[in-house]
Amino acid sequence: MLVRLGYVALSLELKNSSPNKTITWTNLQKIDPKFYVSRLTILSKENLRNQLRLLRYNLGEEIMLYRFTSKLIPLATHDAVAGWDFAGDLAEDFEQIGEFVKKNRMRVGFHPDHFVNLNSPKDDIVEKSIQDLTYHLQQSQAMGLDETMKFNIHMGGAYKDKKDSIKRLIDNWTRVPADIQRRITFENDDKTFTAAETLEACQALGTPMVLDIHHHRCNHEHHDLSSILEDIFATWKDSGLPPKIHVSSPKGTESAAAMRSHADFVDVHDLLPFLQLAKRHTDALDVMVEAKNKDQALKKLMKDLMNENQVQPRSEASFEL
DNA sequence: ACCTGTCAAGTCTGG
DNA sequence: CCAGACTTGACAGGT
């Protein structure tokens, strides 16, 4: 099985490279409204430039898997700048990023954050969620990246009745534009929807499923993944992509909250047993490292994996097992 | 230079 | 019904 490692948004190694620079609404309001868009455009430009630097750095490190931040364009979906054509204003910057990704065959994605709740009983929340997904779509299209660039999201809230909420997610799906539907993947979360429940929804909607093995440890009906892993991987069959998983280690053991939060690094033993199981069901796997120490955690994990005798390096950030 | 409170967005819990 | 927790990195204002 060929395994590639990736990380999320920020590099601790590459200095002054934040693609995340922002301004809060409270502070934007201190300037004349006619300058809102230019202020936001300047920040966005800086973010996109740093984004390209990060991708170049990734290539140098042979890291071919990466998640974009959702904060590339600050306040893009805020009502105050509704109608702002950020994709048009920043077309060149987006194109450069997309060209670089395509030329080097990198796998990139978005993870719209927890405000996106397609299963909310409140109509306006569903509407805002679709708006937020549209914002991500505009960026992918501006980059010229097709539906292999996935938007990974969670299933949403429980609203006191999980079964009902899964049903509502499936009902609301028809409201999601088709070009967004083709990009969405669902991930099991650490408090509400388990891997088995997420799989059920993914199968019903025909979307791939991202398995988070740390969330699974926090939130599951049956600890054993082996009975559903083959089905989880099967959701990727038509995507042209290897299955993707998330890995992280708990920050502490003193409380349920500490168990859920992410540690600075990933303990190699939180990944290895899973890989042994996974290789029975797939010959390629992409692993996102979700650790506070970002790319440094990726590198440490890679190094620790290389000390395991069954692991053969294929590059600085990929290996055969 | 460093420290602390605050931040657009949702949900859940507990008062 | 409403305030605060949850959780994240970074801004912004204070020292």
Side-chain angles (χ1 to χ4, degrees), chain A residues 7-31 33 36-37 39-40 42-44 46-47 50-51 54 67-84 86 110-136 151-162 164-166 168-169 172 187 189-193 212 214-215 218-219 246 248-252 254-264 288-297:
Chain A
Y7 72 100
V8 178
L10 312 172
S11 165
L12 301 192
E13 297 278 322
L14 188 69
K15 298 303 166 195
N16 302 315
S17 64
S18 172
N20 246 350
K21 282 199 164 298
T22 191
I23 185 167
T24 60
W25 172 229
T26 315
N27 284 299
L28 188 67
Q29 276 174 286
K30 292 173 187 170
I31 66 172
Y36 284 178
V37 164
R39 180 80 190 87
L40 295 176
I42 289 166
L43 276 168
S44 303
E46 194 176 343
N47 287 342
N50 279 334
Q51 188 52 77
L54 278 166
R67 180 196 305 163
F68 288 116
T69 171
S70 286
K71 302 195 187 88
L72 280 169
I73 312 298
L75 302 180
T77 58
H78 198 278
D79 286 344
V81 289
W84 173 29
F86 62 84
F110 276 126
H111 195 343
D113 34 31
H114 65 280
F115 309 111
V116 173
N117 288 305
L118 291 176
N119 74 343
S120 175
K122 297 175 202 155
D123 205 63
D124 61 314
I125 303 295
V126 177
E127 211 42 55
K128 278 187 213 163
S129 298
I130 292 171
Q131 254 178 50
D132 195 274
L133 291 167
T134 303
Y135 150 76
H136 289 86
F151 305 167
N152 181 47
I153 58 176
H154 291 285
M155 305 261 288
Y159 311 100
K160 299 198 170 76
D161 185 339
K162 281 207 279 181
D164 219 46
S165 295
I166 293 175
R168 200 169 40 250
L169 177 74
N172 286 348
E187 174 190 347
D189 69 81
D190 53 359
K191 278 183 175 161
T192 310
F193 293 106
D212 187 311
H214 175 60
H215 291 167
C218 300
N219 181 26
H246 293 175
S248 51
S249 292
K251 193 184 182 67
E254 66 275 16
S255 67
M259 288 288 288
R260 283 195 304 269
S261 44
H262 293 169
D264 293 350
M288 288 296 297
V289 173
E290 293 191 329
K292 298 256 188 225
N293 286 6
K294 309 291 180 192
D295 54 332
Q296 286 178 351

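Reminder, nothing fancy here: chain letters follow the sequence lines and each chain counts from 1.
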If you measure from the C1' atom in B:dA1 to the same atom in C:dT8, how many Å do you get, rounded?
24 Å
Look at A:Thr26 and B:dA8 and indicate whether a side-chain polar atom (N or O) is within less than 4.0 Å of OP1 or OP2.
yes
For B:dA9, which nucleotide in any strand shown is its Watson-Crick or wobble partner with both distances under 3.5 Å?
none
Reckon A:Thr192 touches a base, only the sugar-phosphate, or nothing at all at heavy-atom distances under 4.0 Å?
nothing
Say we look at C:dG13 and B:dA8: how far apart would their P atoms be, to the nearest angstrom?
13 Å
On the nucleotide B:dT11, are OP1 or OP2 found under 4.0 Å from the side-chain N or O atoms that A:Lys122 carries?
yes
Would you check if the side chain of A:Asn117 reaches a backbone N or O of A:Ser120 as a donor-acceptor pair within less than 3.5 Å?
no
Measure from the side-chain heavy atoms of A:Asn20 and tell me the nearest of B:dC12, C:dC11, C:dG9.
C:dG9
Whole-Å distance between C:dC11 P and A:Ile23 CD1?
10 Å
Has A:Lys30 got a side-chain N or O lying under 4.0 Å from the OP1 or OP2 atom of C:dG13?
yes
Could you check whether the rings of A:His214 and A:His262 sit parallel, tilted or perpendicular, using 30° and 60° as the cut-offs?
perpendicular
Keeping the roles fixed (side chain from A:Lys162, backbone from A:Thr192), state whether a donor-acceptor pair exists under 3.5 Å.
yes
Testing B:dC7, B:dG10, C:dG9 for proximity to the side chain of A:Thr24, the answer is B:dC7
Between A:Lys71 (NZ) and C:dG9 (P), how many Å, whole number?
8 Å
Roughly how far apart, to the nearest Å, are B:dG10 and C:dC11 at atom C1'?
22 Å
Side-chain N or O of A:Lys21 less than 4.0 angstrom from OP1 or OP2 on C:dC11?
yes
Report yes if at least one side-chain N or O of A:Arg260 is closer than 4.0 Å to OP1 or OP2 of C:dC6; otherwise report no.
no
Counting side-chain heavy atoms from CB outward, which of B:dT11, C:dA10, B:dA8 is closest to A:Ser18?
C:dA10
Can you tell me if A:Asn117 touches the phosphate of B:dG10, counting only side-chain N or O atoms and a distance under 4.0 Å to OP1 or OP2?
no
Let me know the distance between CD of A:Glu290 and C1' of C:dG9, rounded to the nearest Å.
15 Å
Just by modelled atom types, is the A:Phe115 backbone N or O under 3.5 Å from a matching donor or acceptor in the A:Asp113 side chain?
no
Could you tell me whether a side-chain N or O of A:Asp264 sits under 3.5 Å from a main-chain N or O of A:Asn293, the two making a donor and an acceptor?
no
Separation between the C1' atoms of B:dG5 and C:dG4, rounded to whole Å:
15 Å
Determine the Euclidean distance between corresponding P atoms of C:dT7 and B:dT13; express it in Å to zero decimal places.
13 Å
Opposite nucleotide pairing with C:dT7, Watson-Crick or G-U, both atom distances under 3.5 Å:
none
Which listed nucleotide (C:dA12, B:dA9, C:dG9) is nearest to the side chain of A:Leu10?
C:dG9
Could you check whether the rings of A:Phe151 and A:His136 sit parallel, tilted or perpendicular, using 30° and 60° as the cut-offs?
tilted
